Amino acid sequence: MLKLSRVLSSRFIISVSLFFSVFSSGIAASPVDEITHVQNIVLQEKLWQDVEWHDLLHYELDSGSVSGFQSEVDDPRFFNADDGKSNPRSELLATIASFYMPVTDVEQHPQCRFVARLHWLQRQLANEITDLPVVDCSDYKKWRAVVPDYKVTLIFPTYHLNSPSSMFGHTLLRLDKSASENSSDWLSMAVNFGANVSNQDNSLFYALKGLSGGYPGFFIVEPYFNKIKEYNQREKRDIWEYPLNLTPEETRRMVEHLWELKSIAFDYYFLDENCSYRLLELLEVARPGIDLTSEYGLSVIPVDTVRSIKQAGLIEGSYYRPSQVTVLENLVEQIHPQYRHYIKDLSVDSSILNTAEFKEIPATDKKIIINTAYKYLRFLLTGEERDEKSAATSHQLLLALSESSAQDTGVLPVQPSHPENGHHSKRVSVNLGRENKLNYAELGLRLAFQGFEDNQQGFLQGAQINMGNLLLRVIEDESVVLQRFDVIDIFSLTPRTKLFDPLSWKVYTGLERQLTNGKDRLVAHVTAGAGVTYAPVDDMLVYGLLTARLESNKGFEKTLEYALGIDSGLLYYFDTSTARIELSGEECHNNEYRHRATYSHNFAISRNNSIKLGLSHEEQKSISFAEFNLSYQHYFF
């Protein structure tokens, strides 16, 4: 509150100081003279129209504004003019005047708060700005001393379905020192934009507020090793790192602007004005003239922004950093099945190392087993308080590993396909089919972003995230109906292994057609389920879930009816296609039931085009019917 009052009163201080300057005597050239002179040049050259000025103030085209522009910054402390949020011209004139205000509170002086704007103005008018007050911005200097400004790397932690904030992946930037400074990635700084979420908000509350702009968003600069621990270790997410070809000068320009954004609030929207969108704005500041944001409208998916940055020619390489879980699962695959039980056994009791049975294991196999057991124990202890027994076990395993003379034959995980090489996030489809002896045609639109049967290149197997999935049907009697609208459809199939036993789950809600008492009805529902998944062979997932459903159906006597059911199936990923067999159904409390058998097969004919075949049969209390469907699907931004 104190800082805010200081900033809001700065305009009054500027006016008072300029008033006394006009009537002071014995001064050859007053600050007012230079301010007026600089402002006149700015007006003549129309510098408020400069793209770099617009980038620094985050102005976007807005037909509803008198000036035609509106800043996306929602914090009044970011502006010097009363109408600065919507007027680039008056904001520039007020900013010029603010740089000449007397030095009272050094750290709140505009020269210290708006360093990037000051340096931009000095580059534009190098010979005109000569008599600025001298201000020693000590806080800024201290901050700059710990924030690298030589190299920038784009960071993409992959998808994490068990976290609503990260189910689409995430993007952030890493600031690095030059190679000559012998720097390590672990000493770099991470630039992250995120919502200021209360610890008391649960996942559902977060999703609702995130979709409606209920959180403020802030930029945070923190040590990169914190993000590695968060994503790579605690959240079990692989990380992709993309070095950018920004020059040191461009990087410094971006870092200066980051200082201006320190503690400045933006509105945060989960679908569009999110982590990825704000990072695109930062890169536009670093390299004026590139346009990374104008193509995005209703939604901004992190992986799409990686593609945009790549298409703009900013990416110059990539590095894959597998998560702890990925490394562990890879090591387990290299151990003979008869020895795999030792991993968990050793993580609990290191005395097994001295048993005759364990000593008989070949030296190379033994080393991989000990290494895997050690890494597994360290993973289990991540974020936990120190336990003396576990610490002693960890020490014994590490000691045995160091004493082993066997050659290390452990192979690193194979690098998967780059996530940006996957299909685009939105999808339109044209379908032809026949259901219950009626022919139909359908037009579909999905806003985001991946289904089980979609091309899996660049995506996680067993991960389905559909949002805003709309399907309109034209039946042969020429009637047009809303066939389906999924608000959200998330299905996570994570296979159980020797080391991990995750829960598979699903939740989807929206509107869909159901045949009830001989009539086709549009019903609203919420359906959820939980169960297990196994991977008996590579590229195959077998799953089974128990489900619960709450349905509003005018064909039922009660307004709301609940049902229990099962959802089981098999997914198989071929090189260029995906097949799915599913047996599912639910039994309603009113004794109505639906039993379904479905088969679908999606054939990828290119990165962003596919043809999908669907067959299904449904049994109900008083009727049974079949459906055939053939679809063409196109994926786009």
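Residue numbers count from 1 along this sequence. Small disclaimer: the values here were computed from a predicted structure and weren't measured.
- Pairs passing the salt bridge (Lys or Arg N to Asp or Glu O under 4.0 Å) check and including a residue from residues 496-507, sequence neighbours excluded, read Lys506-Asp567.
- Residues Asp387 and Ser390 come closest through the heavy atom pair OD2-N, 2.8 Å.
- Screening Tyr277, Tyr269, Tyr215, Phe266 for a ring pair (Phe, Tyr, Trp, His ring centres under 6.0 Å) involving Phe193 leaves a single residue, Phe266.
- Ring-centre distance between Tyr339 and His341: not below the 6.0 Å cut-off.
- Smallest separation of non-hydrogen atoms from Leu283 and Ile309: CD1-CD1, 3.6 Å.
- In this structure, the side chain of Thr533 does not engage the main chain of Tyr543 through any donor-acceptor pair within 3.5 Å.
- Residues that satisfy the side chain to side chain contact (heavy atoms under 4.5 Å, CB included) test with Ile290, not counting sequence neighbours, are Glu284, Arg287, Leu292, Leu314.
- Of the possible donor and acceptor atoms, one in the side chain of Asp75 sits under 3.5 Å from a partner among the backbone N and O of Ala265.
- Taking the side chain to side chain contact (heavy atoms under 4.5 Å, CB included) definition, one finds that Asn226 meets it with Glu222, Pro223, Lys229, sequence neighbours left out.
- In this structure, Tyr573 has its ring center at least 6.0 angstrom away from the ring center of Phe452.
- For Thr494, the side chain to side chain contact (heavy atoms under 4.5 Å, CB included) partners at least two apart in sequence or on another chain are Ser492, Pro502.
- By the 4.5 Å heavy-atom criterion applied to side chains, Asn455 and Ser610 are not counted as neighbours.
- Every side chain to side chain contact (heavy atoms under 4.5 Å, CB included) that Leu398 has, sequence neighbours left out, goes to Tyr374.
- If you run side chain to side chain donor-acceptor pair (under 3.5 Å) between Asn602 and each of Glu453, Lys612, Gln633, only Gln633 comes through.
- Residue pairs meeting the salt bridge (Lys or Arg N to Asp or Glu O under 4.0 Å) criterion with at least one partner in residues 316-325, sequence neighbours excluded, are Lys151-Glu316, Asp185-Arg321, Glu241-Arg321.
- Ion pairing between Arg144 and Glu256 fails under the 4.0 Å rule for side-chain N and carboxylate O.
- With 3.5 Å as the limit, one finds a donor-acceptor pair spanning the side chains of Ser308 and Glu295.
- One N or O on the side chain of Thr382 and one on the backbone of Arg378 form a donor-acceptor pair closer than 3.5 Å.
- Aromatic ring centres of His424 and Phe636 lie farther apart than the 6.0 Å criterion allows.
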